[in-house]
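Quantities reported herein were computed from a predicted structural model and do not represent experimental measurements.
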Amino acid sequence: NTVDDGVVENAQGVANAVVAEIRGAAVQHPGVDLSSSEVFADHIHQRILNSRGLDITRSETDVLVEYVLLAGGGAEEVAIWQSPRSRLLDTLRVGEHIHRMVRFTKDGLAAQPTPSGTYDVVFGEDALDTLWDCFVAQAGAAARFDGWSKLTVGGPLIKDLQGEALTLWSDPTLPGGRASATFDAE
């Protein structure tokens, strides 16, 4: 499912409800302020036709939130910008997202530089999304056609890998998934 009926029927009402959830979550955390926020609720309906008789349509909704949290003040101020996004309102959970990010914002006030060295790395939250986006871009048909993809069918991305291999896969049929679609742009 890629369509949220609430967004289709009343996008403004959905956006207003999300704004209220953002403000309600942020006000629960003394010492961290909501600096700004924006909410976009869209319904996209697309039809593709071609000369060979292709005639397909798809509908999807998209709820995008952007917000900034601030902690501290003066030279010790920490700002965290976030942009959670979901096709379906019930999977957005922006209030829960803000509660998690408040902890990171407060942690930023006490953060110290990490000494140089070799460390195990654990990806989570937005860092994992950024890593994933890099691989998705490389795996696209346009990247292959234009010749800039570093991927080869059946081959590794890194030839002389040191350490453990990482396998990534995507399921475009997940209900409400960000990349779930009847067809893609390529």
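Side-chain N or O atoms of Asn50 include one that pairs as donor or acceptor with a backbone N or O of Arg52 at under 3.5 Å. A donor-acceptor pair is defined here as one N or O able to donate and one able to accept, closer than 3.5 Å; such a pair exists between the side chain of Gln138 and the backbone of Lys150. Although no hydrogens or angles enter the test, the distance criterion places a donor-acceptor pair under 3.5 Å between the side chain of Glu21 and the main chain of Gly95.
Across all their heavy atoms, Ala137 and Trp148 have their closest contact at O-CH2, 3.6 Å. Closest of all the heavy-atom pairs between Ala79 and Leu70 is CB-CD2, 3.4 Å. The minimum heavy-atom distance linking Val14 with Ala41 is given by the pair CG1-CB, 4.4 Å. Across every non-hydrogen atom of Leu64 and Ser83, the tightest pair is CD1-OG, 3.2 Å. The shortest heavy-atom contact between Val32 and Ala71 is CG2-CB, 4.1 Å.
A continuous path of Ile, Leu, Val, Met, Phe, Trp and Tyr side chains, each step under 4.5 Å between heavy atoms, connects Val121 with Leu131, placing both in one hydrophobic cluster. Hydrophobic clustering (side-chain heavy atoms under 4.5 Å, transitive across Ile, Leu, Val, Met, Phe, Trp, Tyr) groups Val102 together with Val78. Linking ILVMFWY side-chain heavy atoms closer than 4.5 Å, directly or via other members, places Trp132 and Leu151 in a single hydrophobic cluster. By the criterion of side-chain heavy atoms lying less than 4.5 angstrom apart, applied directly or through intervening Ile, Leu, Val, Met, Phe, Trp or Tyr residues, Val94 is grouped together with Leu34 in one hydrophobic cluster. Both Val19 and Ile98 are assigned to one and the same hydrophobic cluster, defined by single-linkage of ILVMFWY side chains at heavy-atom distances under 4.5 Å.
Tested against Ser37, the residues Ile22, Val18, Leu69 include a single side-chain contact (heavy atoms from CB on, under 4.5 Å) partner, Ile22.
How far CG of Asp5 is from CG of Asn10: 12.5 Å, rounded to the nearest 0.5 Å. Taking CZ from Arg47 and CG from Leu54, the interatomic distance works out to 10.0 Å, rounded to the nearest 0.5 Å. Taken from CD in Glu164 to CG in Asp120, the straight-line distance is 8.5 Å, to the nearest 0.5 Å. Atom OG of residue Ser35 and atom CH2 of residue Trp81 lie 13.5 Å apart, to the nearest 0.5 angstrom. For the atom pair CG of Asp4 and CG of Asp42, the computed distance is 12.0 Å after rounding to the nearest 0.5 Å. We find the CD-CD distance between Glu66 and Glu38 to be 5.5 Å, quoted to the nearest 0.5 Å.
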Residues 103-115, side-chain donor-acceptor partners within the protein, below 3.5 Å, at least two apart:
| unit_1 | atom_1 | unit_2 | atom_2 | d |
| --- | --- | --- | --- | --- |
| Thr105 | OG1 | Met101 | O | 2.8 |

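For His43 and Thr61, the side-chain atoms include no donor-acceptor pair closer than 3.5 Å.
Around atom CZ of Phe145, no more than 12 heavy atoms belonging to other residues, nucleotides or ligands sit under 6.0 Å away. Residue Arg100 places its CZ atom among more than 12 non-hydrogen atoms of other residues, nucleotides or ligands, all under 6.0 Å distant.
Proximity of Glu60 to Asp62: side-chain heavy atoms (C-beta onward) are nowhere separated by under 4.5 Å.
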For this session: Determine, step by step, whether Gln82 and Ile80 satisfy the side chain to side chain contact (heavy atoms under 4.5 Å, CB included) criterion, reporting the C-alpha distance in whole Å, the side-chain angles of both residues, the deciding distance to 0.1 Å, and the verdict.
Result: CA-CA 6 Å; Gln82 289 292 297; Ile80 299 251; 3.8 Å; yes
